[in-house]
Amino acid sequence: MVEHDALSVSREAYDAVAPTYAQLFRDELRDRPLDRAILSAFAEVVRASGDGQVADLGCGPGHITSHLDKLGLSVFGVDASAAMIELARNAYPGLRFDTGSMAALDIADGVLGGVLSRWSIIHTPPQELPVILAEFHRVLAPGGHLLVGFSASDDPSHPTQAFDHAVATAYRWSPDHLAAMLRKSGLAEVARMVREPLPTDRRQFQEIQLLARKAQNA
């Protein structure tokens with residue numbers, strides 16, 4: 001199947017670059033005040049909605065999972081790359097990290113207060129993304145929140161655009177289109193943050209972070 005082929009390709013690619021990736025991104029939040037702000041807002045709304053557990057899906061080497069822990073959340077990380085999970089466990093031994101696929105999470109229905117998907121959907125072929133979004137909805141408790149980060153497409157008339165990511169083929173999304181997909185999955189948009197690229201950024205893509213919420217009666 002397409003999804004499994006894409007998952008295998010990205011998992012093997014991230015296994016191969018895991019130490020380099022961890023070194024490059026370990027301090028990524030240091031010079032990103034807007035990213036820190038949206039993560040803080042995410043932590044606040046999760047606590048206000050019942051303070052349930054949070055899953056950092058596509059956690060990589062665990063640095064963002066650790067940041068959420070410092071914000072007071074009960075958080076654990078999941079990643080398809082075993083090499084990334086090994087690095088995360090070594091770097092943050094007090095936190096839980098599991099290997100797993102976002103398309104078939106080993107998490108019970110409706111138990112999470114929050115899901116973070118920070119650039120973890122970008123390698124998912126567009127036709128397979130509804131499966132991932134359905135999993136996000138399934139594992140969230142009623143009233144739970146999702147924060148999803150991704151790069152925006154240039155043309156709103158094109159829902160997705162493929163681009164040559166350094167690790168594996170990746171996709172940019174029209175923010176409005178992805179928000180509509182979230183609504184169809186039962187996750188209503190609460191807010192979005194749009195960050196324009198810096199002149200020094202390698203790729204001149206807008207970065208989008210959408211905050212969505214599962215209905216209380218879902």
Side-chain angles (χ1 to χ4, degrees), residues 25 28-29 32-80 84-85 88-89 92 94-122 124 129-150 173 175 178-179 181-195 207-218:
F25 290 97
E28 68 168 307
L29 293 178
R32 288 178 170 256
L34 295 178
D35 284 28
R36 295 197 304 271
I38 194 69
L39 289 170
S40 294
F42 172 67
E44 186 171 341
V45 296
V46 168
R47 289 194 298 267
S49 300
D51 209 19
Q53 271 199 314
V54 172
D56 178 7
L57 301 180
C59 65
H63 55 299
I64 304 297
T65 318
S66 174
H67 184 77
L68 293 180
D69 174 65
K70 292 173 182 175
L71 290 174
L73 295 179
S74 175
V75 60
F76 64 97
V78 179
D79 201 280
M84 289 287 194
I85 291 298
R89 288 171 175 167
Y92 311 104
L95 297 177
R96 169 187 158 195
F97 294 98
D98 302 326
T99 55
S101 165
M102 292 188 298
L105 293 164
D106 187 18
I107 301 171
D109 294 355
V111 297
L112 297 181
V115 166
L116 177 67
S117 170
R118 185 177 167 84
W119 276 264
S120 59
I121 64 168
I122 64 170
T124 302
L129 188 58
V131 174
I132 305 291
L133 301 184
E135 278 292 270
F136 292 168
H137 180 271
R138 180 186 68 79
V139 299
L140 278 170
H145 285 81
L146 164 71
L147 180 62
V148 57
F150 57 97
W173 287 85
L178 189 51
M181 292 183 69
L182 288 172
R183 285 195 302 274
K184 191 173 181 179
S185 300
L187 297 162
E189 181 181 354
V190 174
R192 71 176 68 177
M193 185 181 82
V194 180
R195 189 180 78 81
E207 293 188 352
I208 311 296
Q209 298 198 51
L210 286 177
L211 181 66
R213 186 172 183 262
K214 182 174 176 176
Q216 284 284 3
N217 57 358

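We're numbering straight along the sequence, starting at 1.
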Colleague: side-chain contact (heavy atoms from CB on, under 4.5 Å), that's the test. Do Ile85 and Asp98 meet it? Break it down for me.
Modeller: CA-CA 7 Å; Ile85 291 298; Asp98 302 326; 5.9 Å; no
Colleague: At what distance, to the nearest 0.5 angstrom, does CE of Met181 lie from CH2 of Trp173?
Modeller: 4.5 Å
Colleague: Walk me through it: do Met102 and Val78 pass the test side-chain contact (heavy atoms from CB on, under 4.5 Å)?
Modeller: CA-CA 8 Å; Met102 292 188 298; Val78 179; over 6 Å; no
Colleague: When you compare the side chain of Arg192 with that of Leu211, does any pair of heavy atoms fall below 4.5 Å?
Modeller: no
Colleague: How many angstroms lie between atom CG of Leu178 and atom CG of Leu129, to the nearest 0.5 angstrom?
Modeller: 6.0 Å
Colleague: Are the side chains of Leu71 and Ser40 in contact, using a 4.5 Å heavy-atom criterion?
Modeller: yes
Colleague: If every non-hydrogen atom of Ala88 is compared with every non-hydrogen atom of Gly60, which pair is closest and at what distance?
Modeller: CB-O, 3.9 Å
Colleague: Between the side chain of Arg36 and the main-chain N/O of Leu29, is any donor-acceptor distance below 3.5 Å?
Modeller: yes
Colleague: Hey, is the main chain of Gly62 close enough, under 3.5 Å, to the side chain of Ser66 for a donor-acceptor pair?
Modeller: no
Colleague: Below 4.5 Å, heavy atoms only, C-beta onward: do Ile208 and Arg195 meet side chain to side chain?
Modeller: no
Colleague: What pairs with Ala141 under side-chain contact (heavy atoms from CB on, under 4.5 Å), at least two apart in sequence or on another chain?
Modeller: none
Colleague: Keeping the roles fixed (side chain from Lys214, backbone from Gly143), state whether a donor-acceptor pair exists under 3.5 Å.
Modeller: no
Colleague: Do Ser117 and Phe136 have side chains that get closer than 4.5 Å, going by heavy atoms?
Modeller: yes
Colleague: What pairs of residues pass the salt bridge (charged side-chain N to carboxylate O under 4.0 Å, His left out) test when at least one of them lies in residues 58-77, not counting sequence neighbours?
Modeller: none
Colleague: Test side-chain contact (heavy atoms from CB on, under 4.5 Å) on Phe97 and Asp79; report intermediate values, then the result.
Modeller: CA-CA 8 Å; Phe97 294 98; Asp79 201 280; over 6 Å; no
Colleague: Just verifying a value: how many Å separate Met193 CE and Leu39 CG, rounded to the nearest 0.5 Å?
Modeller: 8.0 Å
Colleague: Minimum heavy-atom separation for Ala134 and Ser185, please, with both atom names.
Modeller: N-OG, 4.4 Å
Colleague: Search all heavy atoms of Ala103 against all heavy atoms of Ile132 and return the closest pair with its distance.
Modeller: N-CD1, 3.5 Å
Colleague: Can you see which heavy atom on His137 is nearest to which on Gly186, and at what distance?
Modeller: CD2-O, 3.5 Å
Colleague: Rounded to the nearest 0.5 Å, how far does CG of Asp56 lie from OG of Ser120?
Modeller: 7.5 Å
Colleague: Of the non-hydrogen atoms in Thr65 and Cys59, which two are nearest, and what is the gap between them?
Modeller: OG1-CB, 3.5 Å
Colleague: Under the rule for side-chain contact (heavy atoms from CB on, under 4.5 Å), what residues qualify as partners of Arg47, not counting sequence neighbours?
Modeller: Ala43, Glu44, Asp51, Leu73
Colleague: Can you name the side-chain contact (heavy atoms from CB on, under 4.5 Å) partners of Ala55, sequence neighbours left out?
Modeller: Leu57, Phe76, Ile107, Leu112
Colleague: What residues form a side chain to side chain donor-acceptor pair (under 3.5 Å) with Asp109, not counting sequence neighbours?
Modeller: Arg138
Colleague: Once rounded to the nearest 0.5 Å, what's the spacing between atom CD of Glu135 and atom CG of Leu105?
Modeller: 5.0 Å
Colleague: In chain order, what residues pass the side-chain contact (heavy atoms from CB on, under 4.5 Å) check against Glu28, with sequence neighbours excluded?
Modeller: Phe25, His63, Ile64, Arg118
Colleague: Stepwise, does the side-chain contact (heavy atoms from CB on, under 4.5 Å) test hold for Leu95 with Arg89?
Modeller: CA-CA 7 Å; Leu95 297 177; Arg89 288 171 175 167; over 6 Å; no
Colleague: What's the spacing between Leu182 CG and Leu146 CG if we round to 0.5 Å?
Modeller: 6.0 Å
Colleague: Testing the basics here: between Ser49 and His145, what is the closest heavy-atom pair and its distance to 0.1 Å?
Modeller: OG-CE1, 3.2 Å
Colleague: Decide yes or no for Phe42 and Ile38: does some side-chain heavy atom of the first lie under 4.5 Å from some side-chain heavy atom of the second?
Modeller: no
